[in-house]
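Below you'll find the structure, written out as structure tokens, and then a few comments.
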Amino acid sequence: MHLFDSAKKIKREFIPLVEGKASLYVCGPTVYDDAHLGHAKSSLVFDLLVRVLKANGYEVIYARNITDIDDKIIQKAITQNKDIKEITEFYTDSFHTEMSALGVQKPNLEPKATESLEAMFELIQKLIDSNHAYPTAEGDVYFDTSSDSEYLSLSNRVQDEGDKQNRVESSGLKKNSADFALWKSVKEEYNDLPVSSDKDGFKPSSVTFDSPFGKGRPGWHLECSAMIEKHLAIPNAEAAVDIHGGGADLLFPHHENEAAQTRCATNHKIANYWVHNGFVNIDGEKMSKSLGNSFFLKDALKEYDGEVLRFYLLSTHYRSNFNFNTQDLELAKKRLDKIYRLKKRLFGLAENRDKTAFEEKLLKALSDDLNISTSLALIDEMISNANETLDTAGKHKLLKRETISNLAYIEEVLGFGVKNPFEYFQAGVEEETKTKIVKLIASRDEAKKAKDFESSDKLRDEILAFGVSIMDTPQGTFWEKI
RNA sequence: GGUGCCAUCGCCAAGUGGUAAGGCCGCAGCCUGCAAAGCUGCUAUCCCCAGUUCAAAUCUGGGUGGCACCUCCA
């Protein structure tokens with residue numbers, strides 16, 4: 001398969017470090033707030049990548065971290081007068097619930113920053129020993145960017161001209177303005193925090209950690225490098241993991257700094273392939289709290305089926321920026337409906353697990369840097385062909401079995417069509433209403449048999465008043481929520 | 001200011017040198033008691049200008065218009 005490597009800026013063949021295996025590390029959420037559509041997009045993209053790697057026969061090791069040490073978490077704890085753990089556990093749980101609603105499969109590993117401190121200490125020490133990092137008088141430890149000749153090679157940036165001047169301004173704390181903290185001493189931390197009126201309940205001890213470098217907490221960039229070394233790194237390989245992923249905004253500085261840390265502390269680079277997903281905008285504008293247009297996943301899930309959101313967010317190429325709006329989401333739903341209608345036509349029949357020509361074509365498209373558009377076009381074509389044959393030769397057994405197999409493959413590789421088709425179309429309708437609808441349909445069928453079309457049409461109007469549509473088929477009358 | 005990305009039918013969106021996929025909407029038809037669903041057919045020369053080439057949406061140069069990142073961010 002081929003992937004676009006954002007470090008080399010070309011699409012290239014995926015060749016794993018270990019034959020038959022693929023390791024993937026993705027930057028997960030910082031658990032200080034509800035997940036928004038951007039988190040959903042990123043998680044979905046890498047969920048798809050994992051599924052496609054597996055479909056290509058790779059044994060996949062997939063890690064997605066939880067950042068549970070961060071300034072924003074501390075701020076939230078202060079403003080809400082809660083313990084750090086209460087905050088991080090709450091948002092970790094809601095993240096998991098929401099990901100599950102989107103059909104995102106669980107990673108093999110979900111390391112937390114708080115559980116990886118030893119690995120971070122080790123990494124910092126190695127960087128100090130090799131003169132790539134230095135402690136300051138204030139107790140912080142910084143990475144010396146000038147000691148890494150390859151610094152900025154990932155994000156392809158040029159060093160600022162003003163850098164030398166900044167050295168003077170920084171009054172000896174940092175050697176270079178680009179240097180970033182590996183360890184922040186506890187003193188600096190509280191200077192960074194806003195003054196809060198209800199600070200009394202805050203427990204400072206819960207956010208500082210003892211380390212060989214003093215009391216404090218690790219820098220954000222360090223967390224990922226350390227967790228990768230601890231959980232995924234393959235001894236004596238040229239890179240710690242095959243693929244490192246995350247949102248496009250993480251390329252700089254986060255991934256640049258991660259790459260520098262690992263490169264300087266170990267004898268390997270951090271990853272062979274860098275995969276970055278595009279941004280989610282809302283109605284053409286960047287989603288941000290200052291613009292007041294953040295779209296939280298939990299709110300979207302109240303209005304829309306998780307699988308519809310999955311289909312919509314995955315329906316354009318993962319590297320493109322995604323412009324979220326509800327009109328397009330409705331269009332995506334219509335496309336997903338087609339999968340479910342075909343599924344409904346074949347409901348209850350056994351599948352045939354021989355690989356079909358369709359499956360091969362679909363996998364080929366997805367293996368080309370996750371070309372979702374071509375994949376969806378193939379799916380639509382398959383659906384049309386199947387419907388046409390079912391219309392004309394309804395008893396074609398082989399075709400039915402092949403189609404069911406195709407649908408099962410779509411479910412496995414793309415996660416589309418995973419629900420019971422009847423439940424999918426009737427989601428959100430109360431049992432009482434369902435019973436009424438079924439009774440009215442039965443009455444209408446009788447009227448139709450008696451060719452009393454006046455009554456049957458009247459009954460149909462009553463049914464449609466529930467906000468549903470009905471369709472007569474050889475298997476009987478079905479209804480769907482509109 | 002620096003770095004990079006993008007511009008394809010009314011809307012969404014593939015295609016990176018060989019003569020424009022797919023979905024939605026629309027129109028016509030088949031099916032249907034009528035609908036719905038499904039099926040069939042129809043609908044673009046690719047922002048502008050110049051160049052390279054036998055051949056360009058695809059490459060080069062210029063222009064116009066969007067957007068992102070530049071140490072909070074998926």
Side-chain angles (χ1 to χ4, degrees), chain A residues 6 9 11 26-30 32-33 35-46 64 70-72 75 145 152 155-162 177-181 219-221 245-254 256-257 276-281 284-290 312 315-317 319-323 325 327-338 341-342 344-345 365 368 371-381 383-392 448 451-454 456-457 460-461 464 468-473 477-480 482:
Chain A
S6 33
K9 305 209 185 303
K11 196 196 286 185
V26 175
C27 293
T30 301
Y32 72 99
D33 204 350
H36 53 62
L37 292 173
H39 295 105
K41 169 87 182 175
S42 182
S43 300
L44 284 166
V45 163
F46 293 104
R64 182 187 59 206
D70 186 85
D71 284 350
K72 292 209 180 89
Q75 278 181 24
T145 51
L152 299 181
S155 56
N156 201 24
R157 263 157 223 276
V158 286
Q159 199 79 32
D160 254 351
E161 269 300 307
S177 67
D179 291 356
F180 53 90
W220 174 44
H221 314 302
D249 56 325
L250 296 181
L251 184 60
F252 185 83
H254 187 51
E256 185 71 57
N257 292 351
H276 290 97
N277 65 277
F279 253 55
V280 177
N281 299 320
E285 284 194 311
K286 184 183 170 174
M287 184 170 29
S288 77
K289 281 182 183 167
S290 54
Y312 177 47
S315 66
T316 66
H317 190 84
R319 278 189 279 119
S320 304
N321 282 342
F322 189 93
N323 188 30
N325 69 71
Q327 289 77 30
D328 293 343
L329 189 147
E330 295 295 339
L331 302 188
K333 182 186 181 305
K334 287 187 180 182
R335 214 170 179 179
L336 179 61
D337 285 351
K338 287 161 55 146
R341 290 216 181 90
L342 180 59
K344 204 158 72 169
R345 276 187 99 164
D368 179 19
N371 189 330
I372 193 72
S373 279
T374 301
S375 304
L376 293 180
L378 287 167
I379 290 172
D380 287 322
E381 185 191 32
I383 292 172
S384 284
N385 289 341
N387 275 323
E388 189 189 359
T389 316
L390 287 168
D391 282 348
T392 53
K448 272 176 64 188
K451 300 216 186 280
D452 179 2
F453 296 125
E454 202 180 315
S456 76
D457 286 353
R460 178 167 59 199
D461 287 343
L464 299 187
V468 301
S469 67
I470 60 172
M471 44 211 71
D472 296 328
T473 76
T477 301
F478 295 135
W479 64 275
E480 296 178 359
I482 296 169

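Scope of the values below: all heavy atoms of this structure, side chains included, with no hydrogens, waters or symmetry mates. To find a chain, count down the sequence lines: A is the first, B the second, and so on, and within it residues start at 1.
B:rA68 and B:rU3 make up a base pair, with Watson-Crick or G-U wobble contacts both under 3.5 Å. Across the strands present, B:rG61 finds its partner in B:rC49; the criterion is a Watson-Crick or G-U wobble pair with both atom distances under 3.5 angstrom. With a cut-off of 3.5 Å on both pairing distances, the Watson-Crick or G-U wobble partner of B:rA28 is B:rU40. Across all strands shown, B:rC9 has no partner, as no Watson-Crick or G-U wobble contact with both distances under 3.5 Å is found. Across all strands shown, B:rG17 forms no Watson-Crick or G-U wobble pair with both distances under 3.5 Å.
Minimum heavy-atom separation, A:F46 to A:V26: CG-CG2, 3.5 Å. The minimum heavy-atom distance linking A:D472 with A:T477 is given by the pair OD1-OG1, 2.9 Å. Taking both residues in full, the closest heavy atoms of A:A248 and A:H276 are given as CA-CB, 3.9 Å, listed atom of the first, atom of the second, then distance.
Panel note: side chain A:N321, backbone A:F279; a donor-acceptor pair is recorded below 3.5 Å. Between the side chain of A:N371 and the backbone N or O of A:T374, at least one donor-acceptor pair lies under 3.5 Å. Here the side chain of A:T389 pairs a donor or acceptor atom with the backbone of A:N385 at under 3.5 angstrom.
Every residue meeting the side-chain hydrogen bond (donor to acceptor under 3.5 Å, both in side chains) condition with A:D337, not counting sequence neighbours, appears here in chain and number order: A:K333, A:Y424.
As judged by a 4.0 angstrom heavy-atom cut-off over every strand, A:I470 is placed among the base-contacting residues. In this structure, A:G38 reaches the bases: a heavy-atom distance under 4.0 Å links it to at least one base atom across the strands shown. Residue A:F478 is out of contact with every strand shown, counting any heavy-atom pair closer than 4.0 Å. Counting non-hydrogen atoms under 4.0 angstrom, A:V45 reaches nothing in the nucleic acid. Among the protein residues, A:F453 comes within range of the nucleic acid bases, having at least one heavy atom under 4.0 Å from a base atom.
Comparing A:D472 and A:N277 by the nucleotide of RNA chain B whose heavy atom lies nearest to each, the residue mapping closer to the 5' end is A:D472. Mapped onto RNA chain B by nearest heavy atom, A:N371 and A:Y312 fall at different nucleotides, with A:Y312 at the one closer to the 5' end.
For the atom pair A:R341 CZ and A:E480 CD, the distance stands at 4.0 Å (nearest 0.5 Å).
Taking the P atoms as reference points, B:rU45 lies 10 Å from B:rG10, given to the whole Å. With both ends at atom P, the span from B:rC48 to B:rC9 equals 11 Å, rounded to whole Å. Distance noted for atom P between B:rG15 and B:rG63: 28 Å (whole Å). Remark: the separation of the C1' atoms in B:rC46 and B:rA21 is 14 Å, to the nearest Å.
Side-chain atoms of A:R345 and base atoms of B:rA37 include no donor and acceptor less than 3.5 Å apart.
Between A:I482 atom CD1 and B:rA35 atom P there is a gap of 17 Å when expressed in whole angstrom units. Atoms NE2 (A:H254) and P (B:rC69) sit 16 Å apart, rounded to a whole Å. Protein atom NE2 of A:H317 is 7 Å distant from nucleotide atom P of B:rG15, rounded to whole Å. For the pair A:D71 CG and B:rU71 C1', the interatomic distance rounds to 13 Å; values are reported in whole Å. Rounded to a whole Å, the CG atom of A:N321 is 11 Å from the C1' atom of B:rC69. Rounded to whole angstrom, the span from the CG atom of A:D33 across to the P atom of B:rA74 amounts to 11 Å. One interatomic measurement links the two molecules: CG of A:L390 to P of B:rG38, which rounds to 13 Å at whole-angstrom precision. Atoms CD (A:Q327) and C1' (B:rA13) sit 17 Å apart, rounded to a whole Å.
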Going 5' to 3' through nucleotides 16-31 of chain B and flagging B where a protein heavy-atom sits under 4.0 Å of the base, S where only the sugar-phosphate is that close, and - otherwise, we get -----BBBSS------
Under 4.0 Å protein heavy-atom contacts per nucleotide of nucleotides 2-8 of chain B, with B for base, S for backbone only and - for none: BSS----
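Between A:N387 and B:rC39, a side-chain N or O to OP1/OP2 separation shorter than 4.0 Å is present.
Using cut-offs of 30° and 60° for the angle between ring planes, the A:H254 and A:H221 rings count as tilted.
Salt-bridge formation is detected for the pair A:D391/A:R345: a Lys NZ or Arg NE/NH1/NH2 atom is positioned less than 4.0 Å from an Asp or Glu carboxylate oxygen. A salt bridge links A:D380 to A:R335: at least one charged side-chain nitrogen sits closer than 4.0 Å to a carboxylate oxygen.
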